[in-house]
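No hydrogens, no waters, no symmetry mates; every other heavy atom, side chains included, goes into these values. Below, chain A is the first sequence line, B the second, and so on; all start at residue 1.
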Amino acid sequence: VSARLGLVMLIDDDEADNYYHRMVIERSGCADEIRCFQRAERALDFLDAAGERRPDLILLDINMPAMNGWDFLDAYRDLAEFREDVVVVMLTTSLNPDDRARARTIDAVADFKIKPLDDAALTEILAAHFS
Amino acid sequence: MGDGDRIADCAVDSIIAFGLAGDITFTNPAASDLLGYSAAELAAMTYDQLLPGDGLAPFAAVREQILFEEQVEPIQTARIGKSGERVTVSVQYSPIRDDSGRIVGVSSVMRRLSQPQRVADRAQALLETAPDAMVIVNQHGQIVLVNAQTEAMFGYAKSALIGRDVELLIPEGAVGNHREHRARYMRQPRARNMGQGMELLGRKADGSTFPVEISLSPLHTEEGVFVSAAIRDITERKKAELKFRALLDGAPDAMVIVGESGAIHLVNAQTENIFGYRKDELIGQPVEMLIPERFRGRHTGHRDDYFSFPVSRPMGAGLELAGRHKTGSEFPVEISLSPLDTEEGMLVSAAIRDITDRKRAERALAAYNDRLESKNRELQQFAYIASHDLQEPLRTVTNFVGLLESDYRGQLDEHADKCLGFISQAATRMSHLITGLLEYSRIGQNQDAVDIDCNELLQNVVDDLSSMITATSAELVAGDLPAIRGYRTELRQLLQNLVTNAIKFRCEGKAPRIEITAERLAGDWLFSVADNGIGIASEHLERIFVIFQRLHTRSEYEGTGIGLAHVKKIVELHGGRIWAESKPGHGTIFYFTIAGELP
């Protein structure tokens, strides 16, 4: 993997998933920094205050308590400055084709992947959006 | 002989003069003719001897008037002739004065009133009391008598009508026929309605026409046969009829109006559409032509029964009724009957609805329902098998992770411990989810509704949760709860879930307080469970009832996200609905209803 990313954000309420995805990314050595958020609201707060530390990649779960992935995208859309150069990939267990179709209608979403994120999936994301 | 005497001798009118004492002083030949007495006989009589008993009082009054020098109008009265016969006369009394102007006597000029004149007068009085325009014509069709209503109805003055042909009152187009009809009627006159079943029109002075109804009766007199026509303006009734027809044609159902003989009197436009016949093919025909042949025999019997006990009701309740189209095809119908009391006697109106579409929809619905039921059974079976078969490999995972954890914890690195922890937690959670799912699918299955005392039910729940309640110093306040009909296990689960939630989502450092009430709400029961916990943001108030939806991460609050989905399904099983109101930081109130009659 040749691409190098700065900050990667993992937004998922499942601690185990976050732990696993962080491990996969760490082992690939493609990112300088990985931050995990179990609540989408916290991720939004972080982005709001990020300033120069904007992420290169956001991996976003759909089913989360309180603010779910869709709610997050609604709020994220209001943070217009991030939209251009931040790659948002939806990462979900959802097998519901409606979710995939819905994701396609949202500009900010660059990709839609099924969990778990493994080496192959990560390679695909890097190849598609960072080369 | 002076001119005056000659005039008196030749006058047609009878003249008798008498003195103030009543002694007759003068008579003319016409008076002798009228009364049968000779001039000499009369000269020896007093005037009141010529009066009938009932004529004395009016005569006295008139005489008084004359003496008081009042003007006197001619009056109708009677005289008694020599043979004792009563003669009807019109009399004009006048005073006789001497040269000085003193009244010395009275003259009476009498004219015999002819029979027809008297009949006419009486007839006129009678005519004026009639509500209809009355027109009496002679055998030549000339109008001889009309009443005031005739003047008002046709816009002619009486004088403009008397002597004219009655055809003056008839629209020109109908005049020719009318003359023929009139001639025929005169040959065989009897009381009847004119032009039965036909639309008759009258013609006003201004040429406009209007619908009328006319009844004729012959008047036999010495002068020959007269015909009296009672004419009624039925403009208003026609309007009402038109309105009725418009109403009929506007009805969504076929309306068929039938007489006691079973003949069709009236149908609306919808009848043509549904049965394929034109109106004129139906009117007068037996109503059985709209019924499949195999039912016709029985129908006439039913029809007779209905006419003997006519009340508004659906026809053949519970039976499958069929109509017969002109082409012979049959279609399912629904019919309601009502009696119509009309001038034509008792009629029955049948409102016929083609329910082909509804039947088709019903069949489709029944088929759909069957499919749904079998799917439901399948699904329940599936959930049961799935949960059973899923639990087994899961147990293997749980067992062996447990073994690894107890045998190797601390001997591997921190990362390995963490991984084992995740596996063990996930397996436990999966087990809970599977159990929850199974329970969810089983709500309301294989149970009978029973009468439940909710106070007792809540006490059971409190007993079950006693350790949790003690540990959190929770306070439970309940009003007097009702006895309701429902499913015991489910209702207990419902209360338990709501109370558990109220305690679980308590505010930190504040003892949970839960208040449960119930009240009657339009035949149903409205329950409320209020807490003083952390509350729910308004945008999440709907989502909380969806299965597996959670508002908190598992590290904040444990749970599968099934509890409120369970609660919702239980409430719906009891024909109720559930919703929540909340103020974040202050508490939540869950409201749910339980139907008075279970679905």
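In this structure, chain B has heavy atoms under 4.5 Å from both the backbone and the side chain of Asp14(A). Residue Asn68(A) touches chain B through both its backbone and its side chain, counting heavy-atom pairs closer than 4.5 Å. Interface residue Met64(A): only backbone heavy atoms are found under 4.5 Å from chain B. Using a 4.5 Å cut-off between heavy atoms, His540(B) contacts chain A through its side chain alone, with no backbone atom that close.
Note that the CZ atom of Phe505(B) and the OG1 atom of Thr588(B) stand 9.5 Å from one another [nearest 0.5 Å]. To the nearest 0.5 Å, atoms CE (Met90(A)) and CD1 (Ile58(A)) are separated by 10.5 Å.
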### Message
As a quick check of understanding, evaluate salt bridge (charged side-chain N to carboxylate O under 4.0 Å, His left out) for Glu572(B) and Lys568(B), giving each step before the final call.
### Response
CA-CA 6 Å; Glu572(B) 283 167 358; Lys568(B) 181 166 192 266; 3.1 Å; yes

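With hydrogens and angles left out, the side-chain atoms of Ser538(B) and Glu581(B) include no donor and acceptor closer than 3.5 Å.
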